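The figures that follow rest on heavy atoms only: side chains count, while hydrogens, waters and symmetry mates do not. In this text, all values refer to a predicted model and were calculated from it rather than measured experimentally.
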Amino acid sequence: MKDAFGSPQSLLVLGGTSEIALATVRRFMARRARTVWLASRPGPGLDAAAAGLRDEAAAHGAEVTVRTVPFDALAPETHEEVLEKVFAEGDIDLVLLAFGVLGDQRSDEDDPMAAVRVTRTNYTGAVSSGLVCARALRAQGHGSLVVLSSVAGERARRANFIYGSSKAGLDAFAQGLGDALHGSGVHVLVVRPGFVHSRMTAGRAPAPFATTPGAVAEVIEHGVRRRASTVWVPGVLGPVMGVLRHLPRALFRRLPG
């Protein structure tokens with residue numbers, strides 16, 4: 001259960017090697033989180049992420065249990081079995097759905113199966129795992145589901161319409177799921193970051209209003225505590241996208257990639 005300050009004590013991260021996710025976990029660990037599940041494909045990256053959290057907790061004298069669980073967004077047929085085992089170990093106060101891939105727009109346009117992989121990861125995998133977690137959270141009667149969407153899903157640009165369309169689907173799904181869970185005790189927070197400096201975007205020219213994993217984590221923490229339904233990172237992107245969303249298509253098409 002959440003502590004007296006409304007901060008989650010148990011976390012499940014889908015996409016356990018995500019820099020945004022790990023920055024978020026660290027913030028909640030500093031606020032009394034004591035159980036962390038990192039779900040991702042097994043490998044050195046997942047092991048290193050878990051070890052890093054354990055070392056950080058030990059350095060601060062905190063008793064935090066960090067466990068890993070094999071999870072593959074592209075294997076939705078396994079999601080129920082894998083995730084239900086986590087919830088069977090005890091209540092989860094917060095689920096962070098943080099996995100996703102950018103893909104390569106130029107090459108993916110000429111490789112339909114590569115494009116499908118982007119959409120299956122970002123959308124189909126999220127629908128499957130999101131519904132499994134939502135059902136478990138509803139059954140326990142409390143908890144938050146935080147979904148990492150993207151400003152790219154607000155209006156897909158020529159430069160990233162495959163990725164953008166997958167995030168648009170994810171965003172719509174998460175908003176609808178939040179409405180479906182209203183009154184159940186379960187809170188859904190949709191997070192819409194802009195360009196984030198991370199491994200995923202390494203080598204790409206930053207877009208205006210670029211941000212960092214730590215900044216996104218801070219907004220997530222505040223959004224969870226406020227039980228917000230949607231947050232933008234940085235906040236200025238909300239009104240900016242409000243304008244761009246209604247820009248005539250002929251003008252929008254001319255925006256730089």
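Inter-residue side-chain proximity for Phe173 and Leu131 is flagged as met; some heavy-atom pair is nearer than 4.5 Å. Arg31 has its side chain out of reach of Gln9: every pair of non-hydrogen atoms, C-beta onward, lies at least 4.5 Å apart. You'll find the side chain of Leu96 stays beyond 4.5 Å of the side chain of Leu14, heavy atoms only. Looking at heavy atoms from C-beta onward, Ser150 lies in side-chain contact with Tyr163 at the 4.5 angstrom threshold. When side chains are defined from C-beta on, Arg226 does not count as touching Glu221, because their heavy atoms never get closer than 4.5 Å. Residues Ser144 and Val186 have side chains not in contact (no heavy-atom distance under 4.5 Å, counting atoms from C-beta outward). Between Arg157 and Asn160, some side-chain heavy-atom pair lies under the 4.5 Å cut-off. Side-chain contact between Val216 and Thr212 is absent, with no heavy-atom pair separated by less than 4.5 Å.
Evaluation of the side chain to side chain contact (heavy atoms under 4.5 Å, CB included) rule for Pro234 yields Phe209, Thr211, Val236, Leu237 as partners, not counting sequence neighbours. Every residue two or more places apart in sequence or in another chain that forms a ring-ring contact (aromatic ring centres under 6.0 Å, His included) with Phe71 is listed here: His79, Phe99.
Val25 and Leu148 fall within a single hydrophobic cluster, where Ile, Leu, Val, Met, Phe, Trp and Tyr side chains are chained together by heavy-atom contacts under 4.5 Å. Tracing side-chain contacts under 4.5 Å through hydrophobic residues (I, L, V, M, F, W, Y), one never reaches Leu46 starting from Val86; they form parts of separate clusters. Val146 and Leu177 end up in different hydrophobic clusters when Ile, Leu, Val, Met, Phe, Trp and Tyr side chains are linked at under 4.5 Å. No chain of hydrophobic side-chain contacts below 4.5 Å, direct or via other Ile, Leu, Val, Met, Phe, Trp or Tyr residues, connects Val219 to Val95. Note on Phe28: it does not cluster hydrophobically with Val147, by side-chain heavy-atom contacts below 4.5 Å among ILVMFWY residues.
The two residues Leu137 and Phe87 make their nearest non-hydrogen contact at CD2-CE2, 3.9 Å. Of all heavy-atom pairs spanning Val13 and Ala21, the tightest one is CG1-CB, 3.5 Å. Here the shortest heavy-atom pairing between Leu74 and Arg41 reads CD1-NH2, 3.4 Å. Taking all atoms of both residues into account, the shortest heavy-atom contact from Pro213 to Ala23 is O-CB, 3.8 Å. Across Ala57 and Met29, no two heavy atoms sit closer than the pair CB-CE, 3.7 Å. Summarising the geometry of Ala50 relative to Thr68, their closest heavy-atom pair is CB-CG2, 3.7 Å, with the distance given to 0.1 Å.
We find the SG-CG distance between Cys133 and Leu97 to be 7.0 Å, quoted to the nearest 0.5 Å. The CG atom of Leu181 sits 7.5 Å away from the CG atom of Leu145 when rounded to the nearest 0.5 Å. Rounded to the nearest 0.5 angstrom, Leu83 CG and Ile92 CD1 are separated by 10.0 Å. Considering CE of Met113 and CG of Asp108, their distance stands at 11.5 Å, rounded to 0.5 Å. Considering CG of Leu244 and CG of Leu251, their distance stands at 11.0 Å, rounded to 0.5 Å. Residue Arg155 holds its CZ atom at 9.5 Å from NE2 of His246, rounded to the nearest 0.5 Å.
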Practice prompt. Let me see the working for Lys85 and Glu80 under salt bridge (Lys or Arg N to Asp or Glu O under 4.0 Å), right down to the final yes or no.
Written response: CA-CA 8 Å; Lys85 286 181 179 179; Glu80 285 189 273; over 6 Å; no

Worksheet entry | Steps toward salt bridge (Lys or Arg N to Asp or Glu O under 4.0 Å) verdict (Glu89, Arg67) | CA-CA 11 Å; Glu89 294 283 337; Arg67 302 174 66 177; 3.5 Å; yes

Practice prompt. Please lay out, stage by stage, how Thr65 and Val36 fare under the test side-chain contact (heavy atoms from CB on, under 4.5 Å).
Written response: CA-CA 6 Å; Thr65 299; Val36 178; over 6 Å; no

Worksheet item: Step by step, would you call Leu94 with Leu12 a side-chain contact (heavy atoms from CB on, under 4.5 Å)?
Response: CA-CA 6 Å; Leu94 184 144; Leu12 167 61; over 6 Å; no

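Checked by atom type and distance alone, the side chain of Ser165 pairs as donor or acceptor with a backbone atom of Ile162 at under 3.5 Å. A donor-acceptor pair under 3.5 Å is absent between the side-chain atoms of Ser166 and the main chain of Val118, judged by distance alone. The backbone N or O of Pro8 sits nowhere less than 3.5 Å from a side-chain atom of Arg32 that would complete a donor-acceptor pair. Checked by atom type and distance alone, the side chain of Ser10 never pairs as donor or acceptor with a backbone atom of Thr35 at under 3.5 Å. Between the side chain of Asn122 and the main chain of Val101, a donor-acceptor pair closer than 3.5 Å is present.
The side-chain contact (heavy atoms from CB on, under 4.5 Å) with Val231 is formed by just one residue from the set Val191, Val224, Ile220; it is Val191. Checked options Val69, Leu53, Leu11; the residue passing with Leu38 is Leu53 (criterion: side-chain contact (heavy atoms from CB on, under 4.5 Å)).
Residue pairs meeting the side-chain hydrogen bond (donor to acceptor under 3.5 Å, both in side chains) criterion with at least one partner in residues 168-182, sequence neighbours excluded, are Ser149-Asp171, Asp171-Gln175, Asp171-Arg192.
Looking at Arg158 and Glu109, a side-chain N of the basic residue comes within less than 4.0 Å of a carboxylate O on the acidic one, giving a salt bridge. For the pair Glu154 and Lys167, the salt-bridge criterion is not met [side-chain N within less than 4.0 Å of a carboxylate O]. For the pair Arg34 and Glu63, the salt-bridge criterion is not met [side-chain N within less than 4.0 Å of a carboxylate O].
Crowding of Arg245 atom CZ: a count of heavy atoms from other residues, nucleotides or ligands under 6.0 Å exceeding 12.
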